[in-house]
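Numbers restart at 1 for each chain; the letters A, B, ... are given by sequence-line order, proteins then strands.
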There are 2 protein chains.
Amino acid sequence: MSKSVPARADQPTAAGAVAEHLAQMILGELTPGSSLPSEAALATRYAVSRLTIREAVKLLEGRGLLEIARGRKAVVREPDGAAFADFLTSIIRYDPKGLFDLVEIRLSLEVQSATLAAKRANRAGIAAIESELQGMRDTAGAPGQPMSDDQELSFHTHDVGFHEAVALASGNRILGFLFEAMAQPLREGFFISRRGHEKRGHTRHDTIEAHQRILDCIKAGNGRAAAEAMRLHIKDTERDIRVALSQLAHQPVEHS
Amino acid sequence: MSKSVPARADQPTAAGAVAEHLAQMILGELTPGSSLPSEAALATRYAVSRLTIREAVKLLEGRGLLEIARGRKAVVREPDGAAFADFLTSIIRYDPKGLFDLVEIRLSLEVQSATLAAKRANRAGIAAIESELQGMRDTAGAPGQPMSDDQELSFHTHDVGFHEAVALASGNRILGFLFEAMAQPLREGFFISRRGHEKRGHTRHDTIEAHQRILDCIKAGNGRAAAEAMRLHIKDTERDIRVALSQLAHQPVEHS
DNA sequence: TGAGGTAAAGGTATCAGATATCTTGGAGGA
DNA sequence: TCCTCCAAGATATCTGATACCTTTACCTCA
């Protein structure tokens, strides 16, 4: 008698229920790379219309569990930190204090990251870190010369890349993904912190030297020293941000 | 001549494009709690069918940016760490080493968490931590007595709650959300680590005492001592997991 | 025999039109 | 004043169809 399966008030929606069931299946049994049955097949199995299946699958795509392409079945996705990126972005946008919260998180994660990298980094991992540092040098230009916007973006990208490379070299996959997710918010943060950096009389070559010290400790396999070098560097960044933001706060009321 | 707007190969799908546009709007201008226009209105604005809007909105719901309820417009959601939970779960499920990676992350985050909580926790924050610890005591039962499954679940829930309460008391919102996201994977991990805990001759009352020490340091406002107490506790948990997993490794593994 | 092109089959993307149910707010009565 | 009930607006889902993409198997030609 009932052709449709409308959602009841006390029950989640049909699409949500299907999505939850599929999510359990994906997280439980299926491995990344394997594919789901076709939409039509799933519609038959769950006794709902194909549209409901589409909505369920879209939910899971949003959660980062599936990859959907036209003409192909939905594929279980390798986990990555993309889902976390939205969250960090919204935190920073909605909350002015968010940037300091992020620096505090970095302080603990990066120190751990450097410690582990010093213990475990293999040749490829160290080469990746060196490559990013070289990229910073290449785009830094001559001392005293102002940087173009392109150069600055490239410099920050290599800076973020350096920290991401250290995280990857730590051998801890979660750390790697966390830094991947932090990359975008971090780049935004670096544009801010650089103002403070200059205001405090430092140059980008000081930044490069700080990174060089961290790399040296990692290459030497000295976890404790690497941790300390990283801690000093992050603390310095925190001061940069504080100076830059306090300037921003004073600017609007200038000459009033 | 073209009534529909089919997706081009080199372009993202219509639903994806709408979702991306809405996401930028949500992260840029809208504040949590405000609501989107109705599906019909959005369909008109973007010149697509209502179905496409529904799929776009489902994508964003999956990303945790929107909350959708029947009969009401879609509402911009307060950011939370739910999106991160999927990721952690999949890491742990797909990768046997994932649990140790998670413990390493905890080691750095929880030490930071305890340090900050000792500095910043207000009365309400400390009361919340105390409440969870009391919850552990209440469900622990008499020494030597075996726990029922319900009791054990409750005990672990309060244990996780303790750590989450410390994170919240740190005043760092990102830390709070990270622990919220870790709660579920952590509970699973605790069921594993408890075996090792007992195997090593420890009881749940030892666990309670370890937590009590952490709480005392936080109440005393001694960040350094709180950090050290937390570090010892996490290191102990790591040993528990190692012992438990080495036991599991000797048991036959089922194939699918 | 092998290489390249092509058409069919299967899959997703999207549209259109309808019905069911829920939420909310206002009209009307006790 | 307060409660009840109904209508309007919103979402949830279904059915049926068309367009386009991907894969594969087949067929042709060198």
What is the distance, rounded to the nearest whole Å, between atom CD of A:E67 and atom P of D:dC21?
-> 19 Å
Between B:R72 and C:dC22, is there a side-chain N or O to OP1/OP2 distance below 4.0 Å?
-> no
Beyond-backbone contact of A:L36 with A:L30, side-chain heavy atoms, under 4.5 angstrom | yes
Interatomic distance where CD1 belongs to A:I53 and C1' belongs to C:dA13 [whole Å] = 16 Å
Rounded to whole angstroms, how far apart are CZ on B:R50 and P on D:dA12?
-> 8 Å
Just wondering, do A:V75 and A:L66 contact through their side chains at under 4.5 Å, heavy atoms?
-> no
Mark yes when over 12 heavy atoms from residues, nucleotides or ligands other than B:N122 sit less than 6.0 Å from its CG; otherwise mark no.
-> yes
d(CZ, B:R54; P, D:dA10) in whole Å | 14 Å
Please list residues of residues 31-45 of chain A whose heavy atoms come under 4.0 Å from any atom in DNA chain C, ordered by number; otherwise none.
-> A:S38, A:E39
Charged N to carboxylate O under 4.0 angstrom, B:R63 versus A:D86?
-> yes
Starting from P on C:dT12, measure out to CG on A:L66 and report it in whole angstrom.
-> 11 Å
Cut-off 3.5 Å, side chains only: do B:H211 and B:D159 have a donor facing an acceptor?
-> yes
Would you say a side-chain N or O of A:R70 is under 4.0 Å from OP1 or OP2 of C:dG11?
-> no
What is the distance, rounded to the nearest whole Å, between atom NZ of A:K73 and atom P of C:dG10?
-> 11 Å
Would you kindly give the CD-to-P distance between B:E55 and C:dA13, to the nearest whole Å?
-> 7 Å
Test B:K58 against B:E61 for salt bridge (charged side-chain N to carboxylate O under 4.0 Å, His left out), laying out the working first.
-> CA-CA 5 Å; B:K58 283 290 176 189; B:E61 185 186 12; 3.4 Å; yes
Do you see a donor-acceptor pair shorter than 3.5 Å between the side chains of B:Q24 and B:E20?
-> yes
If you find the nucleotide of DNA chain D closest to A:S49 and the one closest to A:G71, which residue's nucleotide is nearer the 5' end?
-> A:S49
Roughly how many Å is it from CG in B:L51 to C1' in D:dG16, rounded to a whole number?
-> 13 Å
